[in-house]
Amino acid sequence: EATYSFKDIEAKWGPVWEETGVFAAAEDDTRERRYVLDMFPYPSGDLHMGHAEAFAMGDVVARYWRQCGYNVLHPIGWDSFGLPAENAAIKRNAHPAEWTYKNIDTQAASFKRYGISADWSRRLHTSDPEYYRWTQWLFARFYEKGLAYRKDHPVNWCPKDQTVLANEQVVDGACERCGTPVTKKSLNQWYFRITEYADRLLEDMDQLKGHWPERVLLMQKNWIGRSEGAHVEFAVEAAEGRPEQKVTVFTTRPDTLYGATFFVVAADADLADELVTEDRRAELAAYQERIKALSEIERQSTEREKTGVFTGRYAINPLSGEKLPVWAADYVLADYGTGAIMAVPAHDQRDLDFARAFDLPVRAVVETGEEDPAETGVATAGEGTLVNSGDLDGLGKTEAIARAVEILEAAHTGERTVNFRLRDWLLSRQRFWGTPIPIVHCPDCGEVPVPDDQLPVRLPEDMKGEDLAPQGTSPLAAATEWVNTQCPRCGGDAQRDTDTMDTFVDSSWYFLRYLSPDYTEGPFDPEAARQWMPVGQYVGGVEHAILHLLYARFFTKVIHDLGLLDVSEPFAALLNQGQVLNGGKAMSKSLGNGVDLGEQLDLFGVDAVRLTMIFASPPEDDVDWADVSPSGSAKFLARAWRLAGDVLSEPGTDPAGGDAALRSVTHRTVAESAELLDAGKFNVVVAKLMELVNATRKAIDAGAGGADPAVREAVEAAAVILSLFAPYTAEDMWARLGHEPSVANAGWPTVDPRLLVQDTVVAVVQIKGKVRDRLEVAPDVSEEDLREAALASPAVQRILDGQEPRKVIVRAPKLVNIVTG
Ligand code: ANZ
Ligand code: ZN
């Protein structure tokens, strides 16, 4: 008897797959195309357990679709620009490319060992000049459309990393990477005008409903943060030599205008400095100094005591004509809405807290039936009837909003508007290892894009170690030879832009480059995109729920608008796989609970690790490695593999006439597995497969013997289903069954519907020991279902006559005994 050795079969089949290129997508129009994509990895060290989980999931889909006969595209590549490479290079006095490409090689070897059915011929790295040439080309198109622009802006600045951080890279006021408290700094930065696409990014989520996780859609929606409301213009009265000035506020509640009792501008906005009277300027400056140290979270915290300073000015309410004192405070944010608000303390909690802190009046204008906010300190935000509000009196909230807007519009002091929480995408990074921004600054011509035929603007190759150390400006600024260039427009002396792009730019379009990785006329071949897009299944971690996915959706829409792409949503379906934990906690260096993937593979084999990942839980749930049993998986694989050695009939033997019970199990397993795979319940498929393997072993031992053609049918089906989870074992079974490689293209077994009909058994229902009904049920009916069926029986109900049974004893599938009285 041959014995199962994962080492032997891994060594045998890996090279065969590599040489025959079985997983390459074909230029084949006879089959429907499907695109399966895993979020590409960042090359930090070797693959880890998280990669193993995510890529096992994506591979199930790719392999399943291949078995179903689709022409499957399942590419692989690396997101290879970024800070860790740069930091490693500084430490080792090397060029970041060295570290990056060494790690990529390590990971690529591990992916091959892991048996990922990837099309290696399309491999890409975002740090290759052939790739970033097109990232720059796309930037140029964005620039032409006014979607890439520069502005001075206070930015989040990490004093330790000496770099600008996007809002989302600031966690609780600290740098996401190093934990240093973030400060503000004003810099001239590049932005993408993603806000122009806010509405479409929101609306098009309708296409994704039901195909993307609900919570991801919700996170995107909140991030975009659409608010309907109005702009209302207030005139701030002239004071001590200062002219009258119009200031607009954004409000979602124009119905509450008569309840405004004061006015607040963001203390750190220029507007505060413009408005403040001379005698109060020093006080404002001191206040501004104090709030600089606070994070946005702290500023908006409802726990914190409200702070602020009076500006000495008054604003006139455009509806009531009332004079409202203008304050500067930190709870109003400079970069949301207009940076100024009308404060309605009766109906807005933040305003009420402020009013109580500074003894400002509180006037309710919506009668909600709740207690007086001035007394309770709790603002009333609910529906109600307008009071104390002139023409609005007696109206409900919705009508009052409409009426208020009408009045304001007629008087040209306001209008309906929509405001978004989404900000433009800050893409400049003052770092070296990224895509250079393809712009030249000319003293005469200003900003000049580098012409397409001069792309890529390559990174200098002679910088390393300390050259890359963060200085506040980009390290590229010190590369004089690189920086000094000729203006593409006038030929005069000019300088290159020294910022590089946020690596999220690189990853916003990589899924398009895979379609035609060698294409030289553009970032991708539009014809290939017509054939392959959108991605049919995208797989990756929920940590990318907001930014990466939003940016990729934005890029897709812009590229669509450029006329290069039919679709305007890149990912038709999304799966967020769970995390791999150990002992109920995420693996981490500090907890010392890391599990080394390589060691697991050495111990149990690739297939056992992959099968364990899949079997442990539904794909979107976490897997606790402390609770799973790769050795159990390995035993199961050996059991399945041995079956292939017991098959005595020839390939192609007609299974008709074989063991009927086994055939029924086989066909039901195949049919149910297909349904479960379509529904993403991969773990249940493994359970079904285990049952099939057990049933087959039983059938062989019970007398059918290995010559029974139903046994071959069962083992072949098992090998095909197993190929989704344990490709090496399945491939070897397939060979032992007398077939040519690869099992990956064997084709999903055809189901004979006649064999799906399950036998039924008769369950007897007794009441107080007397037989009252007989029910036809499935042999594997659950106790619960049988109990329910028995109690629902008309015969039983007639006798019970509304009485609650005292006890129901269920012995599935044969007997239900109901005890009454
Ligand atoms: C008056 C009012 C009365 C408001 C009321 C609310 C309730 P969302 O829904 O998040 O868009 N606001 C506007 N700009 C702000 C800023 N820069 N910083 C802090 N708060 C700001 O919130 C819109 C509401 O938040 C606006 O409507 C404004 O307060 C406040 F009973 O205006 B409201
Ligand atoms: Zn010029």
Side-chain angles (χ1 to χ4, degrees), residues 198 221-232 234 247-269 271-272 291 296-297 299-302 306 308 315 317 319 324 327-355 362-368 370 373 378-384 386 389 392 397 400-401 404-405 408 414 417-423 439-451 484-496:
K221 183 171 173 230
N222 290 341
W223 191 262
I224 297 167
R226 184 179 195 276
S227 283
E228 282 184 18
H231 277 154
V232 183
F234 285 66
V247 180
T248 300
V249 303
F250 170 69
T251 175
T252 46
R253 296 290 306 274
D255 57 318
T256 63
L257 255 160
Y258 283 88
T261 55
F262 57 101
F263 191 99
V264 188
V265 299
D268 54 344
L271 183 60
I291 63 176
E296 206 151 291
I297 311 268
R299 287 178 53 169
Q300 286 199 292
S301 162
T302 46
K306 290 277 177 295
N317 185 326
L319 279 200
L324 311 177
W327 288 71
D330 66 354
Y331 81 99
V332 171
L333 302 177
D335 63 355
Y336 185 68
T338 63
I341 67 155
M342 63 178 207
V344 183
H347 306 299
D348 183 304
Q349 191 61 46
R350 298 158 297 182
D351 296 343
L352 183 54
D353 294 342
F354 192 87
V362 179
R363 185 191 315 132
V365 291
V366 185
E367 229 165 50
T368 65
E370 294 157 274
V378 180
T380 59
E383 301 283 332
L386 273 285
S389 293
L392 306 180
K397 175 171 156 185
I401 290 177
V405 171
L408 292 167
T417 188
V418 173
N419 193 54
F420 290 92
R421 193 154 292 280
L422 184 68
R423 299 279 77 108
I439 293 282
V440 166
H441 299 281
C442 169
D444 295 326
C445 313
E447 273 168 22
V448 183
V450 175
N484 292 326
T485 185
Q486 272 76 51
C487 169
R489 196 162 293 159
C490 69
D493 286 347
Q495 300 205 305
R496 293 192 186 283

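Values in this document were obtained by computation on a predicted structure and should not be read as measured data. Ligands are counted one by one from 1 in listed order, and the atoms in each one are counted from 1 as well. Residue indices begin at 1 and follow the sequence shown.
The parts of Thr251 lying near ligand 1 are both backbone and side chain, judged by heavy-atom distances below 4.0 Å. Residue Val344 touches ligand 1 through its side chain alone, judged by heavy-atom distances below 4.0 Å.
A donor-acceptor contact shorter than 3.5 Å is absent between the side chain of Asn419 and the backbone of Gly229. Put simply, the side chain of Thr368 never gets that close to the backbone of Thr380: no donor and acceptor are under 3.5 Å apart. A donor-acceptor pair under 3.5 Å is formed between the side chain of Asp351 and the backbone N or O of Val344. Without hydrogens or angle criteria, His347 side chain to Thr256 main chain gives no donor-acceptor distance under 3.5 Å.
Each of the atoms 16 (C), 17 (N), 18 (N), 19 (C) of ligand 1 lies under 4.0 Å from some heavy atom of Val332. Residue-ligand proximity, Ser227 to ligand 1, at heavy-atom distances under 4.0 Å covers atoms 8 (P), 9 (O), 11 (O). Near Phe250, meaning under 4.0 Å from any of its heavy atoms, are these atoms of ligand 1: 11 (O), 13 (C), 23 (C), 26 (C), 28 (C). Of all atoms in ligand 1, listed by their number and element, those nearer than 4.0 Å to a heavy atom of Arg253 are 2 (C), 3 (C), 5 (C), 6 (C), 7 (C), 31 (F).
Between Arg421 and ligand 1, at least one pair of N/O atoms sits closer than 3.5 Å. In terms of N/O distances under 3.5 Å, ligand 1 is approached by Tyr336. Any N or O atom pair closer than 3.5 Å counts here, and Ile341 shares no such pair with ligand 1. By the 3.5 Å distance cut-off applied to N or O atoms, His347 is not counted among the residues near ligand 1. For ligand 1, the polar-atom distance check against Thr256 finds no nitrogen or oxygen pair separated by under 3.5 Å.
Counting only heavy atoms of the protein, atom 30 (C) of ligand 1 lies nearest to Arg350 NH2, 3.7 Å. For atom 19 (C) of ligand 1, the nearest non-hydrogen atom of the protein is Tyr331 O, 3.5 Å. Among protein heavy atoms, the minimum distance from atom 4 (C) of ligand 1 is reached at Asp348 OD2, 3.7 Å. The protein non-hydrogen atom at the shortest distance from atom 18 (N) of ligand 1 is Leu333 N, 3.0 Å.
Side chains of Val450 and Ile439 form no contact here, defined as non-hydrogen atoms less than 4.5 Å apart. Contact check for Asn484 versus Gln495: side-chain heavy atoms found under the 4.5 Å cut-off. Using a 4.5 Å cut-off on side-chain heavy atoms (C-beta onward), Leu324 and Phe234 make contact. A heavy-atom distance below 4.5 Å is found between the side chains of Pro449 and Arg489. At a threshold of 4.5 Å between non-hydrogen side-chain atoms, the residues Arg421 and Tyr336 count as touching. Side-chain contact between Thr251 and Met342 is present, with at least one heavy-atom pair separated by less than 4.5 Å. For the pair Leu386 and Tyr258, the minimum side-chain heavy-atom distance is 4.5 Å or more.
At the Zn ion (ligand 2), the angle from SG in Cys487 to SG in Cys445 is 110° when rounded to 10°. With the Zn ion (ligand 2) as the vertex, SG of Cys442 and SG of Cys490 span 110° to the nearest 10°.
Of the listed options Asp335, Val365, Thr252, Val232, Thr252 places a heavy atom closest to atom 24 (C) of ligand 1.
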